[in-house]
Amino acid sequence: MAGDDHSLSNLRALCTWHHKQKSSREGAAAYAAKRRAIEKKFQRGEQHPGLI
């Protein structure tokens, strides 16, 4: 779950600029993972009969 990472690398103090950079990277990665999960759900298991 987001916000539950209590590792030492995540608990360091960051200036505002670096915090924004880190948060942006993490948000982009989460968004990409969500998109991949959605796309995977709608992938065809077999080819369309008209394309065989």
Side-chain angles (χ1 to χ4, degrees):
M1 173 176 247
D4 287 342
D5 182 7
H6 299 296
S7 63
L8 288 177
S9 64
N10 195 46
L11 295 177
R12 64 181 176 206
L14 297 175
C15 67
T16 302
W17 187 85
H18 282 103
H19 171 72
K20 287 180 182 179
Q21 296 297 311
K22 183 176 181 280
S23 295
S24 178
R25 247 189 342 267
E26 291 171 348
Y31 179 76
K34 183 177 179 180
R35 293 295 309 157
R36 282 191 302 271
I38 291 170
E39 289 172 5
K40 186 177 179 181
K41 188 187 323 183
F42 292 102
Q43 283 182 343
R44 291 185 176 268
E46 56 189 43
Q47 272 192 326
H48 188 279
L51 299 175
I52 294 178

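Keep in mind it's a predicted model, so treat the numbers as computed, not measured.
A salt bridge (Lys or Arg N to Asp or Glu O under 4.0 Å) check over residues 14-34, counting only residues at least two apart or in different chains, returns the pairs Lys22-Glu26.
Across Lys41, Arg35, Gln43, a single residue satisfies side-chain contact (heavy atoms from CB on, under 4.5 Å) together with Glu39, and that is Arg35.
At distances below 3.5 Å, not a single donor-acceptor pair connects side-chain atoms of Asp5 with backbone N or O atoms of Asn10.
Hydrophobic cluster of Ile38: the remaining members, joined at side-chain heavy-atom separations below 4.5 Å, are Phe42, listed by chain and number.
Partners of Ser24 by side chain to side chain donor-acceptor pair (under 3.5 Å), not counting sequence neighbours: none found.
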